[in-house]
There are 2 protein chains.
Amino acid sequence: MSYSIGEVADKLAISPYTLRYYDKEGLLPFVDRNAAGRRRFKDNDFNFLEVIICLKEAGVPVKQIGHFIDLCMTGDATLQDRYDFLADHETKLEANMARLQHTLDFLRWKKWYYKTALQAGTERIHYLPGTNQVDPAVHATFNQLVADGASPKTLGNLD
Amino acid sequence: MSYSIGEVADKLAISPYTLRYYDKEGLLPFVDRNAAGRRRFKDNDFNFLEVIICLKEAGVPVKQIGHFIDLCMTGDATLQDRYDFLADHETKLEANMARLQHTLDFLRWKKWYYKTALQAGTERIHYLPGTNQVDPAVHATFNQLVADGASPKTLGNLD
DNA sequence: ATATAATCTAGAGTTAACTCTAAGTCAAGC
DNA sequence: GCTTGACTTAGAGTTAACTCTAGATTATAT
């Protein structure tokens with residue numbers, strides 16, 4: 001079974017432009033061509049494409065993905081390098097996800113901040129008396145609610 | 001207490017170039033200037049900067065952050081809009097994190113794939129006999145190990 | 001047989017988010 | 001008083017990852 005660039009583009013929800021760009025950058029050296037010079041993707045090529053998409057999602061730059069594909073084409077001598085590459089990006093992705101969790105926590109606290117302001121009809125309830133400055137104790141209040149068992153995910157919901 | 005652009009840059013680990021760029025894009029309308037036209041950041045400005053950094057981490061484009069700051073400057077009439085904005089990006093961030101979790105799962109399975117190939121000395125152990133195609137059953141084998149209670153996080157570790 | 005649609009390449013254009021340069025102003029230390 | 005370093009603006013340059021155009025070729029459907 002073989003597939004044209006358009007069929008692969010549809011299957012993977014990636015434009016043919018992008019696939020050709022990846023090819024130009026050396027990400028698709030495994031793709032065969034027919035007599036007319038057109039790309040013919042094999043079933044096994046999807047194993048490579050899956051990895052390419054995974055690495056892209058993980059935030060790995062195209063050039064580095066190209067390096068990984070180079071290692072793949074070289075053979076068994078590079079198994080350790082390929083393992084190390086994936087282990088490295090696993091670590092980086094874990095760190096990135098931890099960072100995003102903090103970002104999400106902050107977004108939820110701010111949502112609660114606006115929920116309470118909305119219920120009071122004004123943001124002034126969060127200001128230090130007689131100023132336009134946010135009272136630092138407001139964040140502490142939110143943290144206390146969470147510490148007391150409230151769910152940070154739902155605490156800011158209006159319902 | 002007030003701070004120069006350099007002091008703020010140091011505190012937030014953002015370059016002065018970037019801070020000026022954010023100002024140019026309308027993200028810092030709240031920053032005062034001294035008689036000489038130099039930016040003087042107030043303590044309360046860090047509340048805005050915290051939100052800006054949070055939204056950036058969440059992947060919100062600079063233009064949209066500018067829109068949120070506009071809402072902030074308009075006053076209590078926009079509290080609902082600001083709440084909706086944060087709730088929307090909370091949802092998007094949750095979806096993004098779920099996507100990254102799938103990416104991480106895939107990265108771990110591939111790490112295990114290379115660990116086992118490395119232990120066998122060749123990637124051929126994962127190929128269908130007499131071919132260069134990966135046996136689809138290999139992924140199923142990994143999934144079975146996880147279903148049987150193994151930790152996907154450590155299954156691919158070499159140790 | 002012919003029109004339409006898909007593909008090819010080389011190379012130009014786009015977008016976002018910086019990042020820096022140039023030329024000038026201002027503040028602090030000696 | 002003078003030098004050094006931080007700051008100002010406008011605008012140019014950079015980078016990554018596409019995204020598209022032009023002109024040619026090939027495959028598909030009537």
Side-chain angles (χ1 to χ4, degrees), chain A residues 1-42 45 49 51-69 89 92-93 96 99-100 103, chain B residues 1-42 45 49 51-69 89 92-93 96 99-100 103:
Chain A
M1 203 57 51
S2 91
Y3 311 86
S4 72
I5 195 169
E7 287 167 333
V8 174
D10 286 347
K11 260 187 219 291
L12 303 181
I14 297 177
S15 81
Y17 293 143
T18 302
L19 286 169
R20 290 193 199 98
Y21 162 69
Y22 287 167
D23 198 1
K24 215 185 288 193
E25 296 298 311
L27 268 57
L28 313 180
F30 47 82
V31 177
D32 292 337
R33 301 287 185 127
N34 67 13
R38 300 201 171 176
R39 292 173 186 83
R40 298 309 307 183
F41 290 76
K42 304 174 291 300
D45 294 351
L49 290 166
V51 172
I52 289 168
I53 290 166
C54 165
L55 292 173
K56 276 226 49 69
E57 297 268 296
V60 181
V62 167
K63 256 182 200 162
Q64 283 185 51
I65 299 177
H67 178 237
F68 182 80
I69 297 293
H89 288 292
K92 285 174 175 159
L93 181 52
N96 191 26
R99 207 175 41 76
L100 288 181
T103 300
Chain B
M1 203 59 50
S2 89
Y3 311 86
S4 73
I5 195 169
E7 287 168 334
V8 173
D10 285 347
K11 259 187 220 290
L12 303 181
I14 297 177
S15 80
Y17 293 143
T18 302
L19 286 169
R20 291 195 198 98
Y21 162 69
Y22 288 166
D23 198 1
K24 214 185 289 192
E25 296 297 312
L27 269 57
L28 313 179
F30 48 83
V31 177
D32 293 337
R33 302 287 185 127
N34 67 12
R38 300 201 171 175
R39 292 173 186 84
R40 300 309 306 182
F41 290 77
K42 304 173 292 301
D45 294 350
L49 290 166
V51 172
I52 289 168
I53 291 166
C54 165
L55 292 173
K56 275 226 50 70
E57 297 268 296
V60 181
V62 166
K63 255 182 201 160
Q64 285 185 50
I65 299 176
H67 176 238
F68 181 79
I69 297 292
H89 287 293
K92 285 174 175 159
L93 182 51
N96 191 26
R99 206 173 43 74
L100 288 181
T103 300

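Each chain gets a letter, A, B and so on, in the order its sequence line appears, and its residues count up from 1. Everything numeric in this text was worked out from a predicted model, so none of it was measured.
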note = Regarding the side chain of A/Ile5, the nearest nucleotide among C/dT7, C/dC18, C/dC26 is C/dT7
message = I'd like to know if A/Lys42 and A/Asp45 make a salt bridge, using a cut-off of under 4.0 Å between side-chain N and carboxylate O.
response = yes
request  = Assign B/Arg40 to base, sugar-phosphate, or nothing according to its heavy-atom contacts below 4.0 angstrom with the strands shown.
outcome  = nothing
key: Contact nearer the 5' end of DNA chain D, comparing B/Glu7 with B/Lys24   = B/Glu7
query = Could you give the NZ-to-P distance, from B/Lys63 to C/dA16, as a whole number of Å?
reply = 5 Å
ask   = For D/dC18, does either OP1 or OP2 sit under 4.0 Å from a side-chain N or O belonging to A/Tyr22?
value = yes
message = Please classify the nucleic acid contact of A/Ser4 as base, sugar-phosphate, or nothing, using heavy-atom distances under 4.0 Å.
response = sugar-phosphate
inquiry  = Closest approach to the side chain of A/Pro61, judged atom by atom: which nucleotide of D/dT19, D/dA17, C/dT9 is it?
reply    = D/dA17
query = Taking atom P of D/dT15 as reference, at what distance in whole Å does atom OH of B/Tyr21 sit?
reply = 17 Å
request  = Starting at atom CG of B/Leu27, determine the distance to atom C1' of C/dC18, rounded to an integer number of angstrom.
outcome  = 13 Å
request  = Round to a whole Å and report the spacing from CD1 of A/Ile53 to C1' of D/dC18.
outcome  = 15 Å
query = Is a donor-acceptor contact shorter than 3.5 angstrom present between the side chain of A/Arg39 and the base of C/dT7?
reply = no
remark   = When rounded to the nearest 0.5 Å, the distance separating CG of B/Leu55 from CD1 of B/Ile65 is 5.0 Å
message = Can you measure A/Tyr17 atom OH to C/dG13 atom P for me and round it to whole angstrom units?
response = 16 Å
message = Students often get this wrong, so: under 4.0 angstrom with heavy atoms, is A/Pro16 touching a base, only sugar-phosphate, or nothing?
response = nothing
request  = Map B/Arg38 and B/Lys56 onto DNA chain C by nearest heavy atom, then report which one ends up closer to the 5' terminus.
outcome  = B/Lys56
ask   = Do B/Arg40 and B/Arg33 have side chains that get closer than 4.5 Å, going by heavy atoms?
value = no
query = Expressed in angstrom and rounded to an integer, what is the separation of A/Leu28 atom CG from D/dA17 atom C1'?
reply = 15 Å
task = Apply the side chain to side chain contact (heavy atoms under 4.5 Å, CB included) test between B/Ile14 and each candidate in B/Leu19, B/Leu49, B/Ile5; give the one that qualifies.
result = B/Leu19
message = Any side-chain N or O of A/Arg20 below 4.0 angstrom from OP1/OP2 of C/dC8?
response = yes
inquiry  = Rounding to an integer number of Å, can you tell me how far A/Asp23 CG sits from D/dA17 P?
reply    = 16 Å
note = Looking only at heavy atoms, the pair that brings A/Leu100 and B/Glu57 closest together is CD2-O, 3.4 Å
remark   = Nearest-nucleotide check on DNA chain D, A/Asn34 vs A/Ser15; residue mapping nearer the 5' end is A/Ser15
task = Specify the separation, in whole Å, of atom CD1 of B/Ile14 and atom C1' of C/dT19.
result = 14 Å
